[in-house]
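Side-chain atoms are counted along with the backbone in the values below, which use heavy atoms only and exclude waters and symmetry mates.
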Amino acid sequence: NVSATLFSIDNWITLLDSEGDFGTIPAGDTVFVSGAFQMAVSNQIPDLHDISIDLSATTDTRDTWVSTFELTGHAPVLVMDGYSIDDATGNNNGRLDPGETVLISLTAMNSGSSDAYTLVGALTSANPNVVVPVSPLEYGDLESGQSGTQAFTAVVSESTPTGEAVQFTFDIIAFGEITGQAEFVEYIGQIPVLLLDWDNNHNSPDAIAQCLTNLEVEFDHVSEFPEDINLYASVFVCLGTYDQNHVLTEAEGTVLAGYLNAGGNLFMEGADTWYYDPQFTPTPLHEMFN
């Protein structure tokens with residue numbers, strides 16, 4: 001007349017039937033009862049969560065034995081696994097520009113250990129200058145480790161200021177109230193900062209990059225001129241110091257001077273460039289700093 005009772009203080013489960021009868025268990029033997037207990041698991045249980053359960057077994061002689069076992073919870077984990085911008089109907093520069101209608105392809109991934117069913121993804125913009133007219137879109141079922149992609153149409157107002165930051169929110173919802181969310185920022189027209197790293201001493205560029213990251217300002221960190229420097233609202237040029245410094249050439253100075261004349265903003269550092277390089281012959285850029 002062995003009976004057993006389950007106990008657990010785990011908040012992610014509810015014991016619906018915690019009493020089970022196992023009858024007579026001969027010495028050294030095992031009795032298996034199918035469906036002896038029943039529990040309900042929360043839809044929000046974290047993936048790979050360990051559930052601790054105590055089992056108290058009692059006989060009609062009132063002898064009691066207590067043991068503990070663990071079960072592992074499994075759940076989908078819904079995340080954004082990257083995005084891309086297709087503005088082929090606009091200027092095809094891979095960015096959002098005023099007046100464009102673009103496709104933003106968003107990849108949803110199930111990184112959990114359980115399958116997710118009937119996913120939908122919703123893209124919204126916190127900026128009134130950008131509208132996503134058709135949302136949400138269906139992603140279907142995603143098995144554990146699987147991903148899927150959908151393309152959302154985004155319309156950018158012609159009156160959007162250049163350099164305006166637009167925050168997007170991507171919400172993913174699956175059957176069972178399983179949810180995930182991600183946010184990302186795109187800048188309209190120009191990228192805020194180009195960090196042109198010619199400092200072979202590594203004095204400043206990494207510190208500048210860390211500062212921009214802390215400020216959540218988008219930037220490109222490069223060691224060569226981009227194809228179109230006017231894509232950037234501002235440029236930071238780090239030339240370094242002797243003897244690992246970069247000597248600004250006439251051609252490079254001309255490009256940067258042209259960028260300033262077109263309305264750009266430029267910061268340039270490097271002690272030698274203002275006096276020594278080369279036997280000081282200034283480029284068209286130097287005189288613009290007075």
Side-chain angles (χ1 to χ4, degrees), residues 84-100 102 127 129-130 156-167 184-290:
S84 62
I85 296 174
D86 179 1
D87 64 333
T89 59
N91 59 15
N92 202 30
N93 65 357
R95 306 195 61 82
L96 302 178
D97 289 294
E100 283 190 330
V102 306
N127 190 307
N129 289 314
V130 179
V156 184
S157 170
E158 291 185 0
S159 61
T160 307
T162 299
E164 175 106 321
V166 177
Q167 179 174 301
F184 60 96
V185 174
E186 279 291 318
Y187 291 86
I188 304 299
Q190 291 179 302
I191 303 171
V193 175
L194 172 69
L195 178 54
L196 196 52
D197 185 355
W198 285 329
D199 181 358
N200 293 318
N201 305 101
H202 308 294
N203 292 307
S204 301
D206 290 345
I208 293 173
Q210 185 61 58
C211 181
L212 293 170
T213 299
N214 294 342
L215 293 171
E216 298 183 353
V217 174
E218 185 180 2
F219 67 97
D220 286 340
H221 189 168
V222 300
S223 59
E224 296 180 356
F225 273 129
E227 290 185 11
D228 183 7
I229 196 171
N230 292 307
L231 184 61
Y232 299 89
S234 58
V235 177
F236 286 68
V237 180
C238 299
L239 299 175
T241 56
Y242 183 82
D243 62 347
Q244 296 294 317
N245 60 302
H246 176 82
V247 178
L248 198 71
T249 67
E250 179 82 9
E252 292 165 346
T254 300
V255 170
L256 293 172
Y259 167 76
L260 275 179
N261 285 325
N265 305 282
L266 181 65
F267 166 87
M268 186 166 71
E269 65 173 30
D272 297 283
T273 194
W274 306 108
Y275 189 74
Y276 294 105
D277 299 338
Q279 292 82 46
F280 189 63
T281 303
T283 72
L285 176 66
H286 286 85
E287 62 185 19
M288 302 181 75
F289 281 87
N290 294 319

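Remark: M268 CE to L285 CG distance equals 4.5 Å, nearest 0.5 Å. With rounding to the nearest 0.5 Å, the separation of CG in D86 from CG in N92 is 7.0 Å. Here the NE2-CG distance, from H286 to L256, works out to 10.0 Å after rounding to the nearest 0.5 Å. With values rounded to the nearest 0.5 angstrom, D228 atom CG is found 10.5 Å from Y259 atom OH. Distance check: N245 CG to D272 CG gives 4.5 Å after rounding to the nearest 0.5 Å. Taking CG of N91 as the reference point, atom CG of D97 lies at 4.5 Å (rounded to 0.5 Å).
A 4.5 Å side-chain heavy-atom check between I208 and C238 finds at least one atom pair inside the cut-off. Side chains of L212 and H221 form no contact here, defined as non-hydrogen atoms less than 4.5 Å apart. Considering only heavy atoms from C-beta on, V237 stays 4.5 Å or farther from H246 through its side chain. Annotation: side chain of P226 is not in contact with side chain of D220 (no heavy-atom distance under 4.5 Å). Side-chain contact check for L196 versus V222: some heavy-atom pair is nearer than 4.5 Å. Side-chain contact between V166 and N129 is absent, with no heavy-atom pair separated by less than 4.5 Å. Between Y187 and P192, some side-chain heavy-atom pair lies under the 4.5 Å cut-off.
Side chains of N214 and Q210: a donor on one and an acceptor on the other come within 3.5 Å.
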Residue pair L248, L239: steps toward the side-chain contact (heavy atoms from CB on, under 4.5 Å) verdict: CA-CA 8 Å; L248 198 71; L239 299 175; 4.3 Å; yes
Y276 and V247: CA distance, side-chain angles, deciding distance, side-chain contact (heavy atoms from CB on, under 4.5 Å) verdict: CA-CA 9 Å; Y276 294 105; V247 178; over 6 Å; no
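The shortest non-hydrogen separation linking A165 to V185 is CB-CG1, 4.1 Å. The nearest pair of heavy atoms linking S204 to E269 is OG-OE2, 2.7 Å. Taking each heavy atom of M288 and P284 in turn, the nearest pair found is CG-O, 3.6 Å.
A donor-acceptor pair under 3.5 Å is formed between the side chain of D87 and the backbone N or O of N93. Between the side chain of Y232 and the backbone N or O of N265 there is no donor-acceptor pair closer than 3.5 Å. Side chain of Q244 to backbone of D199: no donor-acceptor contact under 3.5 angstrom is found. Between the side chain of N201 and the main chain of G240, no donor-acceptor pair closer than 3.5 Å is present.
Environment of CZ in F289: crowded, with over 12 heavy atoms of neighbouring residues, nucleotides or ligands closer than 6.0 Å.
Screening Q167, E164, E186 against N127 for a side-chain hydrogen bond (donor to acceptor under 3.5 Å, both in side chains) leaves a single residue, E164.
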